[in-house]
S.K.: 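The following block contains the structure, expressed as structure tokens.
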Amino acid sequence: MPNVSSTTWDYVIVGAGSAGCVLANRLSADGRHSVLLLEAGPPDRYPWIHVPIGYAKTMFNPVYNWCFKTEPEPQMNGREVYWPSGKTLGGSSSINGLIYIRGQHEDYEHWAALGNPGWSYRDVLPYFRKLEHNMRGESEYHGIGGPLWASDIVAKHELVEALIAAGGELGIPANPDFNGATQEGVGYYQLTTRRGFRCSTATAYLRPARGRSNLCIETGAQATRIAIERGRAAAVAYRRDGRDVTATARREVILAAGALQSPQLLQLSGIGRADLLRNFGIPVVHELPGVGENLQDHLQARVIFRCTKPITTNDVLASKLRTLAMGMRYVLTRTGQMAIGINQGGMFARTDPALGRPDVQFHLATLSSDMAGSPVHTFSGFTLSVCQLRPQSRGHVRIKSPDPLAAPAMQPNYLSAPHDRATIVRGVRLARKLAGTPALAPYVMGEYRPGPDATTDEAILAFVRDKGATIFHPVGTCKMGPAADPRAVVDSELRVHGLDAIRVVDGSVMPTLVSGNTNAPVIMIAEKAADLILARAVP
Ligand SMILES: Cc1cc2nc3c(=O)[nH]c(=O)nc-3n(C[C@H](O)[C@H](O)[C@H](O)COP(=O)(O)OP(=O)(O)OC[C@H]3O[C@@H](n4cnc5c(N)ncnc54)[C@H](O)[C@@H]3O)c2cc1C
């Protein structure tokens with residue numbers, strides 16, 4: 001018989017990721033409420049988590065990363081696509097690429113138009129300003145004094161400069177701030193780093209709150225089920241050190257286990273599509289067909305060029321002396337390649353001039369490798385990764401076993417929409433056009449991937465099917481929307497439809513994927529959720 005114990009809290013938060021750490025801090029701040037934060041992974045003590053270039057050290061590390069794989073993808077040559085996901089304090093913000101992007105103003109207008117009052121750009125901007133401490137100072141679009149640092153890449157890189165000039169030659173404007181008035185253009189990214197270290201939500205939000213007597217953080221604690229009593233979330237069952245524990249929630253249970261595991265946990269608890277639950281012998285507690293549906297992700301096609309000059313990170317890592325110099329520079333000044341990570345430059349562009357706003361994002365990495373985070377090539381190389389911003393393909397996350405410790409089936413259905421296939425092909429063509437401009441061509445010795453033979457649309461698409469990968473933004477599986485929407489799982493206050501005292505607060509609530517990277521938008525969601533929760537909390 002397992003050793004069973006039980007505790008009681010005002011709020012029980014499942015998952016200490018980008019969203020969960022924000023909630024833990026904000027809900028425990030005034031000392032009125034007791035908060036339990038459950039995290040399946042270990043503490044974030046591994047030093048490489050905190051050094052930006054350590055990205056490569058956590059990318060395939062099963063201690064800090066769930067290392068998921070999708071189901072075989074029909075449009076991707078039946079491949080199981082590798083899906084990393086953070087498994088430690090900070091969640092994916094502890095292993096991500098540090099790029100600080102909010103998305104386009106229109107993304108949030110669209111959320112509001114879908115029947116979600118309170119989520120227009122005007123509504124969410126104050127939360128984006130609240131969460132950040134922007135190195136550039138305060139402005140209409142930016143805040144200072146918030147927990148999450150947004151830092152500039154101070155050192156210029158020849159390749160990013162060349163990309164900015166190349167964009168200019170194609171009529172794509174230089175944009176010094178992708179998170180300002182408009183996203184379109186080319187420039188340097190800002191990074192979520194603080195004085196050369198990663199600024200995860202664990203360091204930004206949890207560390208300052210750790211000492212509070214009303215906040216308890218349990219690591220190695222995997223939630224296995226939510227207990228629903230008379231339509232109300234009453235408790236969370238979890239496993240820790242082989243023991244089954246129950247945490248009772250006086251006020252609310254908040255799921256922040258990410259877009260892959262929040263819907264899984266709902267399904268394991270009998271909340272979801274009735275046919276799916278019955279298949280696995282799980283009693284249907286509350287039928288909610290949208291749970292796990294509406295999965296969306298950004299697919300990236302990494303176009304790789306051999307570089308004419310030994311100025312890439314590949315060259316640094318190929319030489320012991322240069323690697324040592326890079327290390328010394330970091331130790332002494334907290335700058336240089338080790339403080340940057342992978343991607344330095346970005347571009348938001350329209351693959352068709354008739355479009356009203358950018359439909360693709362480019363990440364410029366001053367290095368090249370077969371997969372993101374795998375060892376770099378031995379030649380001088382750089383990567384222009386192309387990503388379609390608003391894919392129309394939809395997939396799902398569904399349990400494939402009643403075992404709470406088994407991964408669910410993840411099926412993004414990449415490229416299933418014809419529009420997505422056409423956009424990614426146009427994006428790859430745009431990457432080539434950039435490489436052929438007078439500004440960038442002097443740096444291009446040749447195209448390594450897909451390679452000069454891939455000239456037709458079919459050949460480019462074949463390359464994407466064969467080598468395309470996630471850019472790590474699965475969202476949408478507990479869609480926010482009005483009750484009349486058959487796919488909606490939570491309302492505009494992130495409360496699960498039809499149940500009491502349970503919310504989902506993480507990337508899964510996005511009704512549609514934002515046009516950009518997802519960490520800052522998830523943190524914004526959690527900041528707003530904390531206000532929504534506390535506004536209802538009677539002392
Ligand atoms: C490799 C990688 C690179 C990325 N690069 C960028 C980037 O450069 N910029 C950007 O903006 N975004 C990036 N992203 C995406 C971004 O980091 C995520 O969208 C965001 O962190 C998701 O936040 P979340 O709170 O929804 O989930 P997560 O941060 O993933 O948090 C979920 C947490 O819940 C825990 N958990 C899960 N199930 C349970 C359970 N049953 N019980 C207890 N705990 C549980 C997990 O271990 C995890 O800690 C990247 C993501 C990855 C994986």
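Numbering of ligands and ligand atoms starts at 1, following listing order.
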S.K.: With no hydrogens and no angle check, just 3.5 Å: does a side-chain donor-acceptor pair link Arg390 and Gln104?
M.R.: yes
S.K.: With side chain to side chain contact (heavy atoms under 4.5 Å, CB included) as the test, pick out the partner of Leu89 among Arg45, Arg210, Arg207.
M.R.: Arg210
S.K.: Measure from NZ or CZ of Arg334 to the centre of the six-membered ring of Tyr330 and say whether it is under 6.0 Å with the direction within 45° of the ring axis.
M.R.: yes
S.K.: Output a table of donor-acceptor pairs, distance under 3.5 Å, between side-chain atoms of residues 12-22 and any protein atom two or more places apart or on a different chain; print 'none' if there are none.
M.R.:
{"unit_1": "Ser18", "atom_1": "OG", "unit_2": "Asn519", "atom_2": "OD1", "d": "2.7"}

S.K.: List ligand 1's nitrogen or oxygen atoms that come under 3.5 Å of a protein nitrogen or oxygen, with the partner atom and distance.
M.R.:
{"unit_1": "ligand 1", "atom_1": "5 (N)", "unit_2": "Gly97", "atom_2": "N", "d": "2.9"}
{"unit_1": "ligand 1", "atom_1": "8 (O)", "unit_2": "Gly97", "atom_2": "N", "d": "3.2"}
{"unit_1": "ligand 1", "atom_1": "8 (O)", "unit_2": "Leu98", "atom_2": "N", "d": "3.1"}
{"unit_1": "ligand 1", "atom_1": "8 (O)", "unit_2": "Ile99", "atom_2": "N", "d": "3.0"}
{"unit_1": "ligand 1", "atom_1": "9 (N)", "unit_2": "Ile99", "atom_2": "O", "d": "2.9"}
{"unit_1": "ligand 1", "atom_1": "11 (O)", "unit_2": "Ile99", "atom_2": "O", "d": "3.2"}
{"unit_1": "ligand 1", "atom_1": "11 (O)", "unit_2": "Thr518", "atom_2": "N", "d": "3.3"}
{"unit_1": "ligand 1", "atom_1": "11 (O)", "unit_2": "Asn519", "atom_2": "N", "d": "2.8"}
{"unit_1": "ligand 1", "atom_1": "12 (N)", "unit_2": "Asn519", "atom_2": "N", "d": "3.4"}
{"unit_1": "ligand 1", "atom_1": "17 (O)", "unit_2": "Asn96", "atom_2": "ND2", "d": "3.2"}
{"unit_1": "ligand 1", "atom_1": "19 (O)", "unit_2": "Thr518", "atom_2": "OG1", "d": "2.7"}
{"unit_1": "ligand 1", "atom_1": "21 (O)", "unit_2": "Ser18", "atom_2": "OG", "d": "2.6"}
{"unit_1": "ligand 1", "atom_1": "23 (O)", "unit_2": "Ser18", "atom_2": "OG", "d": "3.4"}
{"unit_1": "ligand 1", "atom_1": "25 (O)", "unit_2": "Ser18", "atom_2": "N", "d": "3.4"}
{"unit_1": "ligand 1", "atom_1": "25 (O)", "unit_2": "Ala19", "atom_2": "N", "d": "3.0"}
{"unit_1": "ligand 1", "atom_1": "26 (O)", "unit_2": "Gly507", "atom_2": "N", "d": "3.0"}
{"unit_1": "ligand 1", "atom_1": "29 (O)", "unit_2": "Ser18", "atom_2": "N", "d": "3.0"}
{"unit_1": "ligand 1", "atom_1": "29 (O)", "unit_2": "Ser92", "atom_2": "N", "d": "2.9"}
{"unit_1": "ligand 1", "atom_1": "30 (O)", "unit_2": "Ser92", "atom_2": "OG", "d": "2.8"}
{"unit_1": "ligand 1", "atom_1": "38 (N)", "unit_2": "Gln261", "atom_2": "NE2", "d": "3.4"}
{"unit_1": "ligand 1", "atom_1": "41 (N)", "unit_2": "Ala223", "atom_2": "O", "d": "3.1"}
{"unit_1": "ligand 1", "atom_1": "42 (N)", "unit_2": "Ala223", "atom_2": "N", "d": "2.8"}
{"unit_1": "ligand 1", "atom_1": "44 (N)", "unit_2": "Ala40", "atom_2": "N", "d": "3.1"}
{"unit_1": "ligand 1", "atom_1": "47 (O)", "unit_2": "Glu39", "atom_2": "OE2", "d": "2.7"}
{"unit_1": "ligand 1", "atom_1": "47 (O)", "unit_2": "Trp66", "atom_2": "NE1", "d": "3.0"}
{"unit_1": "ligand 1", "atom_1": "47 (O)", "unit_2": "Gly86", "atom_2": "O", "d": "3.4"}
{"unit_1": "ligand 1", "atom_1": "49 (O)", "unit_2": "Glu39", "atom_2": "OE1", "d": "2.6"}
{"unit_1": "ligand 1", "atom_1": "49 (O)", "unit_2": "Glu39", "atom_2": "OE2", "d": "3.2"}
{"unit_1": "ligand 1", "atom_1": "49 (O)", "unit_2": "Thr88", "atom_2": "O", "d": "3.4"}

S.K.: Looking only at the side chains, is there a donor atom on one of Asn413 and Ser393 sitting less than 3.5 Å from an acceptor on the other?
M.R.: no
S.K.: Could you check Leu265, Ile226, Leu255, Ile254 and say which one makes a side chain to side chain contact (heavy atoms under 4.5 Å, CB included) with Val236?
M.R.: Ile226
